[in-house]
Amino acid sequence: MLRFPTLKEFDLLGHFRPSRRAMENGDTEDYSHSAIEQKWRERWEERGTNSYTRDELGAAEQPYYNLMMFPYPSAEGLHVGNIYAFTGADVHGRFRRMTGENVFEPIGFDAFGIHSENFALKQGVHPMDLIPSNIRNFTRQLRRIGGMFDWTHSVDTTDPSYYRWTQWIFLQLFKAGLAERREGPVNWCPSCKTVLANEQVIAGRCERCETPVEQRRIAQWFFRITEYAERLLDNLDWLDWSDSTRKAQQNWIGRSEGGELCFPVLPAGTSEGAIPASEVLEGLMIKVFTTRPDTVFGATYIVLAPEHPLVEKVTDPEHRNEVDEYRKRAARKDLVARKVESKEKSGVFTGALALNPATGNPIPIWIADYVLMEYGTGAIMAVPGHDQRDFDFAHAFGLPVVRVVAGPGDDAATPLDEAYESDGVMVNSGEFDGLDVVDAKRGIVDKLAEQQLAEPRVNFRLHDWCISRQRYWGPPIPIIHCERCGPVAVPEDQLPVVLPRVANFKPDDSGVSPLARDEEWYRTRCPTCDDPARRETDVSDTFLDSGWYFLRYPSSDFGDRPFDAEITRAWLPVETYIGGNEHAVLHLMYSRFLTMALHDLGHLDFEEPFTKFRAHGLIIRDGAKMSKSRGNVIVPDPIIEEYGADTFRLYLMFLGPFEVGGDYRDEGIQGPYGFLHRLWDTALSATDAPADPEVEGKLHRTIEQLTQQLGELQYNTAVAAMMEYLNVLRTGGRKAARAEVEPLVVMVAPFCPHIAEELWERLGHEGSVFEGAHWPAWDENKAREDQIQIAVQVNGRLRATIAVVREASRDTVEEIARRDDNVARHLDGAQISRVVYVPEKLVNFVL
RNA sequence: GCCGGGGUGGCGGAACGGUAGACGCAGGGGGCUUAAAACCCCCAGGGCUUAGGCCCAUGUGGGUUCGACUCCCACCCCCGGCACCA
């Protein structure tokens, strides 16, 4: 092989000066990462090392689906966070492959959505031109980092051959009654006359024109994910997922138990005084959800959300102006501000009264924006004595506060200067006085249930999934609106509904979706009655694209079905899914929901898509999050150029625990870089001598540790173990034996596939180190050390360490320990009350 | 405010309740070299000590234990996420 001089062999004047090692040692050339990496990339490509044909996929004996979250192909290119995540997943996949499993590791592109659309608008490029070029660049970079990606099974969510099936999934849900059209709130910029995403609203104002953003309700498509809330929650118990992710999902679903209670509205003009609930049962009824039905005797007023439909009906003429005014003000806030703004309580009285079903007393009905229409019933019973928010409100508006729970040391008359939210004993609650709150909860609901005024109820924080987007860059929702037939599904054989190339996709002041301006496109005929009809002009949410992509990968070469039944049975559910916790709730929840729904509809025979999920950590730089404004963003290309992909990968994995993240320091890469140079040198100068038994012991302990840790994504300590082992191989300038270094080459392979392939070849092997189960096995007997170190403590303080043979008995160890000078001195003349002995670890003399 | 993750040398980070600081970076000393790079060897938390060694030290304060970075309680700080969830 030709040897090209490295840059370092030229001195300052440009004269060629071969390195000493190269001169002395004819067979040891320098490690040239760029040549090696290019060579192996080409070989893998030519030989199809990482790709499966359809037959191979069908015939795999030990299928292992190794999935990572596919990237959004931005114009900036791959960033370090992507590379970190993909490398961590790739190391795991390569490791599994080397133990003999058939690992399928696909990658694709999540390329629809608001970011592309906005970027395209800013640059004046059409997304249909922008995205392909971004994808080309991403593909180049992804190949460069040496991932084991099967490029024959890639997906691009913006390709009609992909979104055809995204639309198909919408139709399956639509037909099953899981997709429905109803009103939902959106952020509305009255100046741009357009809908804004939450992130386009900055401090309550439109990010473009700074006009205050309003809230509007428009008809949109929703997936009824809440139907699945209980199952989505229950399955979390057995999924092998990162704890943090599971908890995030649990909180997001937010199950709470309580009761739905009815508060009859009193007819206008009813005077004060106790009235039996039965007398007003026929009238209007306000339903509230509460987790504290035990406190109903303390409910001194009712609050409706400003948007609550009953507000219109209950408000009396005298208060109408004020109420209308308040409702307008609430609507003027955008979706985020409504929730974020000051904690100051605001609200107005409607003039109406309702009956507390427990006490029979009339209580006022207010409206206030601290009550949310989206949660529960959009109305609450306010118990200022035992809920701090209600307490604050009552104080602001001079409403009565009643104590109905007495904590330790309290009685019915103990005044409240803040809400008492803990447990206790019922007071001021009629027949329930004296009961524990836990018992009263059930008792009160049962009692009111007899009069049809309550029922037990489980409520979820989870909302239905709004999938409508009044934008351009997404798959059209495959529905046709017909005056006579209503919304009709586009027949499946007419999919995909192709997104037309429209020159002007910019939201404009017409206030309608970009597609609604393309008359030629949306005019069509009703598939049912053939009347003139109109296509749905909203596109769907990108989370729908990414909600099923893992089903598509193995079947990406099937043009006539979204996923092949047989292939899917063989490869799914996904064995290991690795991704960021920023998608802990939405993406993962939606994927689970779609899988569950498709399962129930008979399309899949499993209901959870990801058996194991691991969230990776975040890479920061110099102690701070990377951001353009800080100017501390790592640009990967030049680093790979200088050090090679193998070194970069190794460094990223060495930085810190994969599931936590790490702090990227530019100088730190020198460690892994030097390690690979030394490995190169050691492998190429290996001798044929037999392995040294002591080195062999270390080797087997290293294999054991690596095998265990690569399965658990504990990469940083695994890399450290390999470094330690290489240090042993080279200590004192010794030459390693081939049998000592070859297993190390194999263990490095998941991290640094290119150099490992090259060394594997140079050590005399044909074919790829990734073909065949080359992962080394360890031998317990060889791994065990004969001489071990025992810590000797006196009163728990270390006084010596002694070396003994592994088999040494407790008596022997104690004896040797006592004879140590320093130990003897600390024991001198003292009475030993106890000796703690931990086999193979330590002896502790307690005085 | 709530949820999650953290706080260990100059720095990144290691440590099934059992020798705190593995591995690496940066640093210092030495070897090889005309020189440099590379490579090899050695030193390196702080304080005290002539040495042998001793004391202090894992955000703070308590506790459990023969023994605590690790477990429990209270608190402080940093990072990420969520936002009045009835």
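From a predicted model like this one, the values you see are computed outputs, not experimental measurements. Note on naming: letters A, B, ... go to the chains in the order of the sequence lines (proteins, then strands), and numbering restarts at 1 for each one. Atoms considered below: every heavy atom in the structure, side chains included; atoms not considered: hydrogens, waters and symmetry mates.
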For [X] and [N], what is the distance between atoms [atom1] and [atom2] respectively, to the nearest whole Å?
| X | N | atom1 | atom2 | value |
| --- | --- | --- | --- | --- |
| A/Arg730 | B/C39 | CZ | C1' | 7 Å |
| A/Arg834 | B/C66 | CZ | C1' | 5 Å |
| A/Asp821 | B/A51 | CG | C1' | 14 Å |
| A/Leu847 | B/G67 | CG | P | 12 Å |
| A/Glu421 | B/C84 | CD | C1' | 12 Å |
| A/Lys735 | B/C39 | NZ | C1' | 10 Å |
| A/Phe263 | B/A86 | CZ | C1' | 12 Å |
| A/Ile619 | B/G12 | CD1 | P | 14 Å |

Can you find a side-chain donor-acceptor pair between A/Tyr420 and A/Asp387 that sits under 3.5 Å?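 Result is no, nothing qualifies.
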Do A/Thr226 and A/Asp464 have side-chain N/O donor and acceptor atoms under 3.5 Å apart?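 Judged by distance alone, the side chains do pair up.
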When you check the phosphate oxygens OP1 and OP2 of B/U65, does a side-chain N or O of A/Asn844 lie under 4.0 Å from one of them?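 Negative; the distance criterion is not met.
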Report, as yes or no, whether the 6.0 Å neighbourhood of atom CZ on A/Arg442 holds more than 12 heavy atoms from other residues, nucleotides or ligands.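 Not buried by this count: 12 neighbours or fewer within 6.0 Å.
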Decide if atom CG of A/Asp821 counts as having more than 12 heavy atoms of other residues, nucleotides or ligands within a radius under 6.0 Å.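 It does not: A/Asp821 CG has 12 such atoms or fewer within range.
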Between protein and nucleic acid, restricted to nucleotides 3-6 of chain B and to nitrogen or oxygen atoms under 3.5 Å apart, what atom pairs and distances do you find?
{"residue": "B/C3", "atom": "O2'", "partner": "A/Asn251", "partner atom": "ND2", "Å": "2.9"}

Mind jotting down which residue pairs meet the salt bridge (charged side-chain N to carboxylate O under 4.0 Å, His left out) criterion with at least one end in residues 701-730 of chain A? Sequence neighbours excluded, please.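 Qualifying pairs, neighbours excluded: A/Asp681-A/Arg730, A/Lys698-A/Glu724, A/Arg701-A/Glu785.
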Pair listing, salt bridge (charged side-chain N to carboxylate O under 4.0 Å, His left out) test, anchored in residues 288-304 of chain A, at least two apart: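 Output for this query lists A/Arg292-A/Asp294.
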Between the side chains of [Y] and [X], is the shortest nitrogen-to-carboxylate-oxygen separation below 4.0 Å, so that they form an ion pair?
| X | Y | result |
| --- | --- | --- |
| A/Asp663 | A/Arg665 | yes |
| A/Arg784 | A/Glu780 | no |
| A/Asp369 | A/Arg329 | no |

For B/G9, decide between syn and anti, treating a glycosidic angle within 90° of 0 as syn.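 Syn, since the glycosidic angle lies within 90° of 0.
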Interface polar pairs with nucleotides 68-72 of chain B, N/O, under 3.5 angstrom:
none

Between [N] and [M], how far is it from one [atom1] atom to the other, in whole Å?
| N | M | atom1 | answer |
| --- | --- | --- | --- |
| B/C25 | B/G17 | C1' | 31 Å |
| B/C41 | B/G6 | C1' | 38 Å |
| B/A37 | B/C23 | P | 24 Å |
| B/U8 | B/G59 | C1' | 10 Å |
| B/G9 | B/C43 | C1' | 15 Å |
| B/G30 | B/G47 | C1' | 28 Å |
| B/A74 | B/G53 | P | 43 Å |
| B/G13 | B/A20 | C1' | 13 Å |

Output all residues satisfying salt bridge (charged side-chain N to carboxylate O under 4.0 Å, His left out) with A/Arg255, sequence neighbours left out; order by chain, then residue number.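 Counting only residues at least two positions away or on another chain, A/Arg255 forms a salt bridge (charged side-chain N to carboxylate O under 4.0 Å, His left out) with A/Glu230, A/Glu257.
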Contacting residues from residues 789-799 of chain A, given that a heavy atom lies under 4.0 angstrom of RNA chain B: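 Correct list: A/Gln789, A/Ala791, A/Gln793, A/Arg797, A/Leu798, A/Arg799.
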Does anything in residues 705-715 of chain A reach RNA chain B, meaning a heavy atom under 4.0 Å, and if so which residues?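 By residue number: none to list.
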Distance, nearest 0.5 Å, that separates SG of A/Cys752 from CE of A/Met747: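 Answer rounded to 0.5 Å: 13.0 Å.
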Return the CG to OG1 distance between A/Leu744 and A/Thr682, rounded to the nearest 0.5 Å.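 Rounded to the nearest 0.5 Å, the CG-OG1 separation comes out at 8.0 Å.
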Identify whether any heavy atom of [X] sits under 4.0 Å from a base atom; if not, whether one sits that close to sugar-phosphate; answer base, sugar-phosphate or nothing.
| X | value |
| --- | --- |
| A/His826 | sugar-phosphate |
| A/Leu842 | base |
| A/Ser833 | nothing |

Can a donor-acceptor pair be found, under 3.5 Å and without considering hydrogens, that links the side chain of A/Thr801 to the backbone of A/Ile790?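 No, A/Thr801 side chain to A/Ile790 backbone: no donor-acceptor pair under 3.5 Å.
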Using only atom types and a distance under 3.5 Å, with no angle test, would you say the side chain of A/His386 pairs donor to acceptor with the backbone of A/Val404?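 Present.
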Taking the six-membered ring for Trp, are the ring centroids of [X] and [Y] within less than 6.0 Å of each other?
| X | Y | value |
| --- | --- | --- |
| A/Tyr84 | A/Phe658 | yes |
| A/Tyr643 | A/Phe648 | no |
| A/Tyr651 | A/Tyr664 | yes |
| A/Phe543 | A/Trp465 | no |
| A/Tyr301 | A/Phe393 | yes |

Nearest nucleotide by nearest heavy atom, which residue falls closer to the 5' end of RNA chain B, A/Arg389 or A/Gly662?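 With A/Gly662 and A/Arg389 compared, the 5'-side residue is A/Gly662.
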Assuming nearest nucleotide by heavy-atom distance, tell me which of A/Tyr651 and A/Thr290 is located more 5' along RNA chain B.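 Going by which nucleotide is closer to the 5' end, it is A/Tyr651.
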Show each protein N/O and nucleotides 22-28 of chain B N/O combination with a separation under 3.5 Å, one pair to a line.
{"residue": "B/A22", "atom": "O2'", "partner": "A/Glu724", "partner atom": "OE1", "Å": "3.2"}
{"residue": "B/G24", "atom": "OP1", "partner": "A/Asn727", "partner atom": "ND2", "Å": "2.9"}

Mind checking what makes side-chain contact (heavy atoms from CB on, under 4.5 Å) contact with A/Ala85, not counting sequence neighbours?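 side-chain contact (heavy atoms from CB on, under 4.5 Å) list for A/Ala85, sorted by chain: A/His616.
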Decide yes or no on side chain to side chain donor-acceptor pair (under 3.5 Å) for A/Asp390 and A/Tyr370, but give the supporting numbers first. CA-CA 10 Å; A/Asp390 298 343; A/Tyr370 81 97; 2.8 Å; yes
List every contact pair, protein side and nucleotides 7-11 of chain B side both N or O, where the distance is under 3.5 Å.
{"residue": "B/C11", "atom": "O2'", "partner": "A/Arg665", "partner atom": "NE", "Å": "3.3"}
{"residue": "B/C11", "atom": "O2'", "partner": "A/Arg665", "partner atom": "NH1", "Å": "3.4"}

Stem list for RNA chain B, please, built from Watson-Crick and G-U wobble pairs under 3.5 Å and keeping only runs of at least 3.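 Stem list for RNA chain B: B:1-7 with B:76-82, B:10-12 with B:23-25, B:27-31 with B:39-43, B:45-48 with B:53-56, B:59-63 with B:71-75.
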Is the terminal nitrogen or CZ of A/Arg461 (NZ for Lys, CZ for Arg) located under 6.0 angstrom from the six-membered ring centre of A/Trp252 and within 45° of that ring's axis?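 Geometry flag: set, cation within 6.0 Å and 45°.
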Please list every donor-acceptor pair under 3.5 Å in which a side-chain atom of residues 827-837 of chain A meets a protein atom from a residue at least two apart or in another chain.
{"residue": "A/Ser833", "atom": "OG", "partner": "A/Val846", "partner atom": "O", "Å": "3.1"}

